[in-house]
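Here is the naming used below: chain letters follow the sequence lines, and residue numbers restart at 1 for every chain.
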There are 2 protein chains.
Amino acid sequence: MPDQAPDTTFDLNQFLPYRLNRLADQVSEQLAHLYESSYSLTIAQWRVLAWLNQCEVLTAKQIRDATRMDKARVSRAVQVLVDRQLISRSPDQQDQRAHHLRLTEAGCALLNQLLPEAQAWEASLLSALSGAERGALLKAMAKLEDALGQSAVVNPAT
Amino acid sequence: MPDQAPDTTFDLNQFLPYRLNRLADQVSEQLAHLYESSYSLTIAQWRVLAWLNQCEVLTAKQIRDATRMDKARVSRAVQVLVDRQLISRSPDQQDQRAHHLRLTEAGCALLNQLLPEAQAWEASLLSALSGAERGALLKAMAKLEDALGQSAVVNPAT
DNA sequence: CTCGGCCGGTTTCATGTGTGACCATTTGCC
DNA sequence: GGCAAATGGTCACACATGAAACCGGCCGAG
């Protein structure tokens with residue numbers, strides 16, 4: 001037995017970050033399988049498409065802010081989608097560095113197929129929860145995300 | 001304007017898998033920074049250590065089941081930890097293929113430093129939630145994980 | 001006007017990861 | 001006993017990703 005007995009009061013199963021990631025990984029993995037196997041889409045690519053579906057036209061920076069994804073990750077996802085002609089990239093007249101991104105018809109068509117599937121999957125998952133539970137879950141998640149965004153939690157001096 | 005107008009009823013911000021991953025990614029990223037910068041630990045490695053802290057002795061398979069991590073991922077994490085002498089690997093007498101894994105003194109010492117930091121970080125994060133909210137969150141997450149594990153959700157024929 | 005800092009976006013590099021093949025051992029079945 | 005299938009674990013390969021360097025274009029101070 002070691003000198004310093006480890007902290008026996010710690011239960012990884014009660015540790016929120018761990019639980020959160022384990023759950024998110026499982027959800028992600030199963031959904032990713034749908035995107036990937038049926039449509040050859042990365043999660044990053046799917047997110048770009050989904051946001052463009054909502055906002056009509058966006059710049060890469062805006063997508064980055066919305067999804068909180070890495071700069072490079074967005075860039076690469078956009079690259080592939082443009083190559084596959086699912087989105088179009090046109091120069092921004094105001095700012096020559098930026099590009100306007102929007103769905104092409106092919107992109108819309110793909111989403112019209114994919115979205116119902118994704119929603120069905122989500123519905124099937126959510127059926128495990130009551131309406132109240134669902135609401136509580138989303139509210140708690142929103143609060144956490146809020147807390148994370150602002151204070152960066154444990155903000156050590158400055 | 002495309003023929004097929006895309007589904008305007010879909011809001012990615014309301015889409016649970018997306019929200020779940022966005023949140024988990026943020027949490028993960030910040031915590032991973034702690035593990036990595038201060039202790040040079042991967043998340044996978046941290047999980048192995050944390051489980052060994054609870055269970056004294058485990059086999060790789062057991063860790064795999066507990067964490068739901070990939071076979072290879074566990075194997076690699078264990079490899080590194082053994083090299084760094086944070087855990088020890090001894091042959092299983094019953095099954096020559098398996099190995100018993102346990103913390104070394106160095107491993108315990110490291111955990112005794114790391115655990116309080118991790119717990120403090122979690123506490124700081126959880127302070128954004130009331131006790132009731134916290135309970136509801138964990139309960140909902142447990143239910144979802146349960147649903148995922150069993151039915152694999154949308155189990156297409158078979 | 002112009003020079004330095006800032007910013008949008010791309011690329012390079014190192015690394016962690018999943019997939020699938022593979023080896024050795026165990027286990028079930030004949 | 002002995003052979004086939006399953007199982008614990010490792011390895012080779014391909015790939016998505018984050019960090020950081022980098023390339024223009026923008027913008028404010030002098």
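Interface remark: the A/Arg89 side chain does not form any donor-acceptor pair with the C/dG9 base, using a distance-only criterion of under 3.5 Å. Side-chain atoms of A/Arg97 come within donor-acceptor range of the base of C/dC7, with a qualifying N/O pair under 3.5 Å. Between the base of C/dG8 and the side chain of A/Lys61 there is no donor-acceptor pair shorter than 3.5 Å. Contact annotation: side chain of B/Arg76 to base of C/dG18, donor-acceptor pair present below 3.5 Å.
Here the P atom of nucleotide D/dT10 and the CD atom of B/Gln96 are 15 Å apart, to the nearest Å. D/dA20 atom C1' lies 11 Å from atom CG of A/Asp70, rounded to whole Å. What separates NZ of B/Lys71 from P of C/dA21 is a distance of 12 Å, to the nearest Å. As a whole-Å value, the separation of A/Arg73 CZ from C/dG9 C1' is 17 Å. Rounded to an integer number of Å, the gap from CD of B/Glu36 to P of C/dT15 is 10 Å. Atom CG in A/Leu41 sits about 14 Å away from atom C1' in D/dA16, given to the nearest Å. When rounded to the nearest whole Å, the span between CG of A/Asp95 and P of C/dC6 equals 17 Å. Put simply, CZ on A/Arg64 is 13 Å from P on C/dT10, counting in whole angstrom units.
Here C/dG9 is the nucleotide among C/dG9, D/dA19, D/dA16 with the atom lying nearest to any side-chain atom of A/Ala60. The side chain of A/Ala72 lies closest to C/dT11 when the candidates are C/dT11, D/dC11, C/dT17.
Take the nearest nucleotide of DNA chain D for A/Ala44 and for B/Thr59: the residue whose nucleotide is more 5' is B/Thr59.
At a cut-off of 3.5 Å, with distance as the only test, no side-chain donor of A/Trp46 or B/Tyr18 sits close to an acceptor on the other residue.
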Which is it for A/Arg68 and B/Glu29 under the salt bridge (charged side-chain N to carboxylate O under 4.0 Å, His left out) test, yes or no, and what are the steps along the way? CA-CA 12 Å; A/Arg68 291 190 170 87; B/Glu29 191 183 333; over 6 Å; no
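The backbone N or O of B/Leu101 sits nowhere less than 3.5 Å from a side-chain atom of B/Arg89 that would complete a donor-acceptor pair. The backbone N or O of A/His100 sits nowhere less than 3.5 Å from a side-chain atom of A/Thr59 that would complete a donor-acceptor pair. With A/Gln45 contributing its side chain and A/Leu81 its backbone, the two residues share no donor-acceptor pair below 3.5 Å.
In terms of phosphate contacts, A/Thr42 brings no side-chain nitrogen or oxygen within less than 4.0 Å of OP1 or OP2 of D/dC15. Phosphate proximity of D/dT10 to B/Ser75: present, with a side-chain N or O under 4.0 Å from OP1 or OP2.
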